[in-house]
2 protein chains.
Amino acid sequence: MAMKVKELEIEKTGMVLKLLGDKTRLSMVKLLENNECCVCEFVEIFHISQSAISQHLRKLRDVGLVKENRRGQWIFYSLNTSSEMYELVLNVLAFVPDQNSHLKELEKQGLRINCSI
Amino acid sequence: MAMKVKELEIEKTGMVLKLLGDKTRLSMVKLLENNECCVCEFVEIFHISQSAISQHLRKLRDVGLVKENRRGQWIFYSLNTSSEMYELVLNVLAFVPDQNSHLKELEKQGLRINCSI
DNA sequence: TGGACATATAAGCATATGCTGATATGCTGT
DNA sequence: ACAGCATATCAGCATATGCTTATATGTCCA
């Protein structure tokens, strides 16, 4: 039952939990667990302003949980698997139900970005 | 690497993470992982008012993460191991360094409560 | 029963947080 | 170079959060 994981400073752990404690960000990160997504997709999914999404992503990036990858006009976000906090993030995400239906919905509406660059 | 755990609603997960996202509460819960503690002990450890500690504990109790146990004058708090969120809590706490030194310090000062009731 | 101690609750305050709208920046293709 | 789209940043605002002090409640014991 007890897991053997690499411990983190309590401040860092707290910071990660605070970030993931927002429902919008938690959903975003869960989506990023299996997908690369760009800002405009999140805007469609969560129905909040592009600005709000951008600010959420900046917070996640500032502590290194996600990384960005520009391809042409778009910036694709993904989980930063080389973060020392990645293991914690994965362990938390294991409890969160799959959110991919949101992306399926986008595809149905033809709004999923598939950048060929 | 992937863990098999019992999923929780995303709202519940978010709530737990938000609660544990406060450094004081995270330390408190880490202490409660292995110990029963009462309010006055936390006051000594964290150097914030009794009221503040009490309010933190109430938030934790309101969502069922901790339970209380009155013995005489004191109310001892402990982790609620039968909460459906207990597994999530344990998985998170695995990343947090042991905080028992705080209790050791209390014992040294003779401030550790040892209720015989 | 009253005083001492432990805890809870109420009220108020300063700061943090998440959002919006407006604007700036960056890339693309004509 | 410029229009159009994607993203980032700025400023402002409403609400949430964590703390303090003051007060209420609960328990023990002389």
Side-chain angles (χ1 to χ4, degrees), chain A residues 10-11 14-29 32 36-63 65-78 106 110-117, chain B residues 10-11 14-29 32 36-63 65-78 106 110-117:
Chain A
I10 194 167
E11 287 80 7
M15 216 169 41
V16 172
L17 298 178
K18 183 168 291 188
L19 284 172
L20 299 184
D22 176 89
K23 193 191 160 190
T24 303
R25 280 194 297 264
L26 185 56
S27 303
M28 290 171 69
V29 171
L32 294 177
E36 281 197 307
C37 300
C38 59
V39 174
C40 56
E41 292 173 321
F42 286 132
V43 172
E44 290 300 323
I45 290 171
F46 295 110
H47 304 295
I48 55 177
S49 70
Q50 174 264 318
S51 168
I53 296 291
S54 203
Q55 289 173 67
H56 281 309
L57 286 168
R58 185 154 74 100
K59 287 179 189 180
L60 293 170
R61 207 194 37 192
D62 281 351
V63 306
L65 292 192
V66 306
K67 58 176 195 253
E68 60 181 33
N69 194 329
R70 183 179 275 277
R71 264 177 270 152
Q73 198 165 22
W74 296 280
I75 298 181
F76 285 83
Y77 283 87
S78 56
L106 281 197
L111 293 173
R112 186 87 165 95
I113 307 294
N114 255 309
C115 180
S116 53
I117 300 181
Chain B
I10 194 166
E11 287 82 5
M15 216 168 41
V16 172
L17 299 178
K18 182 169 291 188
L19 283 173
L20 299 184
D22 177 89
K23 192 192 161 191
T24 302
R25 280 194 298 263
L26 185 56
S27 303
M28 290 171 69
V29 171
L32 294 177
E36 282 197 306
C37 300
C38 61
V39 175
C40 56
E41 292 173 320
F42 286 132
V43 171
E44 290 299 324
I45 290 171
F46 295 110
H47 304 297
I48 56 177
S49 71
Q50 174 264 317
S51 169
I53 296 291
S54 202
Q55 290 173 66
H56 281 309
L57 285 168
R58 185 154 73 100
K59 287 180 190 180
L60 292 171
R61 207 194 36 192
D62 281 351
V63 306
L65 293 191
V66 306
K67 59 176 195 258
E68 60 181 33
N69 194 329
R70 182 179 276 277
R71 266 179 269 151
Q73 197 165 22
W74 295 280
I75 297 179
F76 286 82
Y77 283 88
S78 55
L106 281 197
L111 294 172
R112 186 85 166 97
I113 307 295
N114 255 307
C115 182
S116 54
I117 300 182

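Within every chain, numbering begins at 1; the chains are lettered A, B, ... in the order of the sequence lines, protein sequences first and strands thereafter. All values below were derived from every heavy atom in this structure, side-chain atoms included, with hydrogens, water molecules and symmetry-related copies excluded.
For C/dC19, the OP1/OP2 oxygens have a side-chain nitrogen or oxygen of A/His56 closer than 4.0 Å. The phosphate of D/dT20 has OP1 or OP2 within less than 4.0 Å of a side-chain N or O from B/Ser49. Of the side-chain N and O atoms in A/Lys59, one or more sit less than 4.0 angstrom from OP1 or OP2 of C/dG18.
For the atom pair CG (B/Leu65) and CG (B/Leu57), the distance works out to 11.0 Å, reported to the nearest 0.5 Å. Note that the SG atom of B/Cys37 and the CD1 atom of B/Ile75 stand 14.0 Å from one another [nearest 0.5 Å].
A/Tyr77 has its OH atom 11 Å from the C1' atom of D/dA6, to the nearest Å. In this structure, CG of B/Leu60 is placed 10 Å from P of D/dG18, rounded to the nearest angstrom. In this entry the distance linking CH2 of A/Trp74 with C1' of C/dT28 reads 9 Å, nearest Å. Between B/Ile48 atom CD1 and D/dT21 atom P the separation is 12 Å, expressed in whole Å. Atom CZ in A/Phe42 sits about 17 Å away from atom C1' in C/dG18, given to the nearest Å. For the pair B/Ile53 CD1 and D/dG18 P, the computed distance is 13 Å after rounding to whole Å. Here the P atom of nucleotide C/dC19 and the CG atom of A/Leu57 are 12 Å apart, to the nearest Å. B/Arg71 has its CZ atom 16 Å from the C1' atom of D/dC28, to the nearest Å.
Across all strands shown, A/Glu68 has heavy atoms under 4.0 Å from sugar-phosphate atoms exclusively, and none from any base.
Evaluation of the side-chain hydrogen bond (donor to acceptor under 3.5 Å, both in side chains) rule for A/Lys67 yields no partner, not counting sequence neighbours. With sequence neighbours excluded, no residue forms a side-chain hydrogen bond (donor to acceptor under 3.5 Å, both in side chains) with A/Ser27. Under the rule for a side chain to side chain contact (heavy atoms under 4.5 Å, CB included), the partners of B/Thr24 that lie at least two apart in sequence or sit in another chain are B/Asp22, B/Met28, B/Phe46, B/Ile48, B/His56. Checked against side chain to side chain contact (heavy atoms under 4.5 Å, CB included), B/Val43 has the following partners two or more places apart in sequence or in another chain: B/Val39, B/Gln50, B/Ile53. Listed by chain and residue number, B/Ser51 satisfy the side chain to side chain contact (heavy atoms under 4.5 Å, CB included) test with B/Gln55 (two or more places apart in sequence, or in another chain).
Heavy-atom distances to DNA chain D give each of B/Arg70 and A/Val39 a nearest nucleotide, and the one nearer the 5′ end belongs to A/Val39.
Pairs of residues two or more places apart, or lying in two chains, that qualify as salt bridge (Lys or Arg N to Asp or Glu O under 4.0 Å) and include a residue from residues 52-62 of chain B are B/Arg61-B/Glu68. Listed by first and then second residue, the salt bridge (Lys or Arg N to Asp or Glu O under 4.0 Å) pairs involving residues 40-52 of chain B are B/Glu41-B/Arg112 (not counting sequence neighbours).
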Might you list the N or O atoms of the protein lying below 3.5 Å from N or O atoms in nucleotides 9-12 of chain D, with each pair's distance?
residue, atom, partner, partner atom, Å
D/dT9, O4, A/Ser51, OG, 3.0
D/dC10, N4, A/Ser51, OG, 3.4

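Interface remark: the B/Gln73 side chain does not form any donor-acceptor pair with the D/dC28 base, using a distance-only criterion of under 3.5 Å.
Near DNA chain C, defined here as any heavy-atom distance below 4.0 Å, there are no residues from residues 15-27 of chain B.
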